Amino acid sequence: MLAVHFDKPGGPENLYLKEVEKPSPGEGEVLLKVVASALNRADLLQRQGQYDPPPGASSILGLEASGYVVELGPGCQGQWKIGDPAMALLPGGGQAQYVTVPEGLLMPIPAGLTLPQAAAIPEVWLTAFQLLHLLGNVQAGDTVLIHAGSSGVGTAAIQLTRMAGATPLVTAGSQHKLQMAEKLGAAAGFNYKEEDFSEATLKFTKGAGVNIILDCIGGSYWEKNVTCLALDGRWVLYGLMGGANVSGPLFSKLFFKRGSLITSRLRCRDKKYKQMLVKAFTEQILPHFSTEGPQRLLPVLDRVFPVTEIQEAHAHMETNKNVGKIVLELPQ
Ligand SMILES: NC(=O)c1ccc[n+]([C@@H]2O[C@H](COP(=O)([O-])OP(=O)(O)OC[C@H]3O[C@@H](n4cnc5c(N)ncnc54)[C@H](OP(=O)(O)O)[C@@H]3O)[C@@H](O)[C@H]2O)c1
């Protein structure tokens, strides 16, 4: 089968399609014939040699995929049958013509969505769901500040925040991205390149601050984050795009707010946790991708690339051009 491959860490120019051995499903696994996968920041880091896959995971890039079940491994519980369309959360291996998946990490395709649209759901929607509900304990009436509001995770988090009865605020680096976030339901957006988002957030909340911050930036935002956090606020850190170093009185500022700093990494969680998350998401959230009406959830697709253009797809994400997800189509 063909799979996205690189021989040495480096830039997008190192990526190419390579003929590799097709995997076989093990105990409790199914084989998925991949129609589409999607790109994540983790793929860029792995390509640069800065993010190894967790032990036992495929070294092929790709944290999510959609396609058809084509083989059942021993011990499968009958949840899936050959020919079923499905989408999957993966620790790696999605950017290939076939991938093996534990059956509990597959989800049905919501009615009305295409397979390329479905490929844009697992990684960022499960992440946003986990950050908001399992870690941030979002409540109706909360205000939630979502950084990188037009990212894959951000576009999902805005919609899930609205659905929880809370108010999403976003930051982003351009007017176009802020407008897209507002169309998805953000109550206000702040261009972090042009204004101090903590001052703007405090003004919007009449001095109260936000109850939850979903933060994939880290270092460069720490002081502004803690400044606009409400008393008893939850600051959920899940990425370090703005660096890992902090210089200044973080502890006293956080302590003064009685704030909680919570960190999260989904990819390296064990199978049991991921199965619990997939089950909760499938039951509570997935039906809302198919309902008619204002609460309908939508995966936001920026562009669909044929996987033969994998270098262009990485360069597009690396230069922060995407609003929502970059999807890759595999040859059939
Ligand atoms: N911990 C986990 O379990 C987990 C799971 C999934 C994703 N993530 C993390 O979530 C983040 C978003 O992932 P994604 O795939 O959704 O990203 P994405 O769609 O590629 O969007 C990322 C956006 O972040 C903004 N950005 C980049 N560098 C920045 C900086 N230094 N300061 C401020 N904004 C910056 C850019 O938008 P602007 O033009 O607005 O600057 C960029 O387009 C990444 O850090 C990723 O690693 C973590």
Side-chain angles (χ1 to χ4, degrees), residues 12 37-48 50-51 53-54 61-64 89-92 94 119-132 134-136 145-160 170-182 184 186 189-198 213-222 224-225 236-245 262-270 273-274 277 281 299-303 313-328:
S37 181
L39 215 56
N40 287 280
R41 286 268 152 176
D43 299 326
L44 310 193
L45 293 174
Q46 189 172 329
R47 188 204 73 221
Q48 291 160 355
Q50 293 176 34
Y51 191 13
L61 300 177
L63 302 184
E64 55 201 338
L89 176 71
L90 305 166
I121 293 178
E123 174 68 13
V124 298
W125 281 84
L126 284 164
T127 295
F129 173 70
Q130 179 205 19
L131 299 177
L132 275 171
L134 278 64
L135 302 170
L145 179 62
I146 300 163
H147 292 313
S150 72
S151 64
V153 179
T155 53
I158 292 168
Q159 297 177 67
L160 290 176
V170 299
T171 63
S174 74
Q175 203 50 35
H176 169 64
K177 289 189 173 184
L178 292 174
Q179 279 165 358
M180 294 301 286
E182 285 176 20
L184 290 171
F190 313 119
N191 185 336
Y192 68 88
K193 293 178 181 168
E194 291 176 354
E195 64 180 323
D196 180 333
F197 71 77
S198 64
I213 302 177
L214 301 189
D215 180 22
C216 54
I217 308 300
S220 60
Y221 277 6
W222 80 265
K224 291 189 176 99
N225 278 338
V236 187
L237 179 73
Y238 70 102
L240 296 170
M241 287 191 291
N245 294 331
I262 302 156
T263 66
S264 177
R265 293 172 62 216
L266 178 57
R267 187 182 190 183
C268 56
R269 288 277 193 178
D270 64 20
Y273 179 93
K274 288 180 181 170
L277 184 64
F281 182 83
V300 178
L301 268 62
D302 176 77
R303 266 178 78 174
H314 272 236
H316 190 65
M317 180 173 269
E318 207 147 69
T319 48
N320 297 336
K321 290 205 177 98
N322 58 301
V323 172
K325 295 287 288 180
I326 297 170
V327 170
L328 303 166

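Bear in mind the structure is a predicted one, so any value in this text is a computation, not a measurement. Both ligands and their constituent atoms are indexed starting at 1 by order of listing.
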Judged by atom type as modelled, is there a donor-acceptor pair below 3.5 Å linking the side chain of [X] to the main-chain atoms of [Y]?
{"X": "D270", "Y": "Y273", "value": "yes"}
{"X": "E123", "Y": "E64", "value": "no"}
{"X": "E182", "Y": "G189", "value": "yes"}

I would like to know whether L160 and W125 meet side chain to side chain contact (heavy atoms under 4.5 Å, CB included); could you show each step before the answer? CA-CA 9 Å; L160 290 176; W125 281 84; 3.7 Å; yes
Enumerate donor-acceptor pairs with a distance under 3.5 Å from any side-chain N or O in residues 145-154 to protein atoms, sequence neighbours excluded.
from	atom 1	to	atom 2	distance (Å)
H147	ND1	T171	OG1	2.9
H147	NE2	N225	OD1	2.7
S151	OG	A148	O	2.6
S151	OG	G154	N	2.9

Between D302 and K325, is the side chain to side chain contact (heavy atoms under 4.5 Å, CB included) condition met? List the steps. CA-CA 5 Å; D302 176 77; K325 295 287 288 180; 5.9 Å; no
Are any protein N/O atoms closer than 3.5 Å to the N/O atoms of ligand 1? If there are, list each pair with names and the distance to one decimal place.
from	atom 1	to	atom 2	distance (Å)
ligand 1	1 (N)	Y238	O	2.9
ligand 1	1 (N)	S264	O	2.8
ligand 1	3 (O)	L266	N	2.8
ligand 1	16 (O)	G152	N	2.9
ligand 1	16 (O)	V153	N	2.9
ligand 1	19 (O)	G152	N	2.9
ligand 1	19 (O)	N322	ND2	2.9
ligand 1	20 (O)	R41	NE	2.8
ligand 1	20 (O)	R41	NH2	3.3
ligand 1	31 (N)	M241	O	3.2
ligand 1	34 (N)	Y192	OH	3.4
ligand 1	37 (O)	K177	NZ	3.1
ligand 1	39 (O)	K177	NZ	2.7
ligand 1	40 (O)	G173	N	2.7
ligand 1	41 (O)	Y192	OH	2.5
ligand 1	43 (O)	K177	NZ	3.1

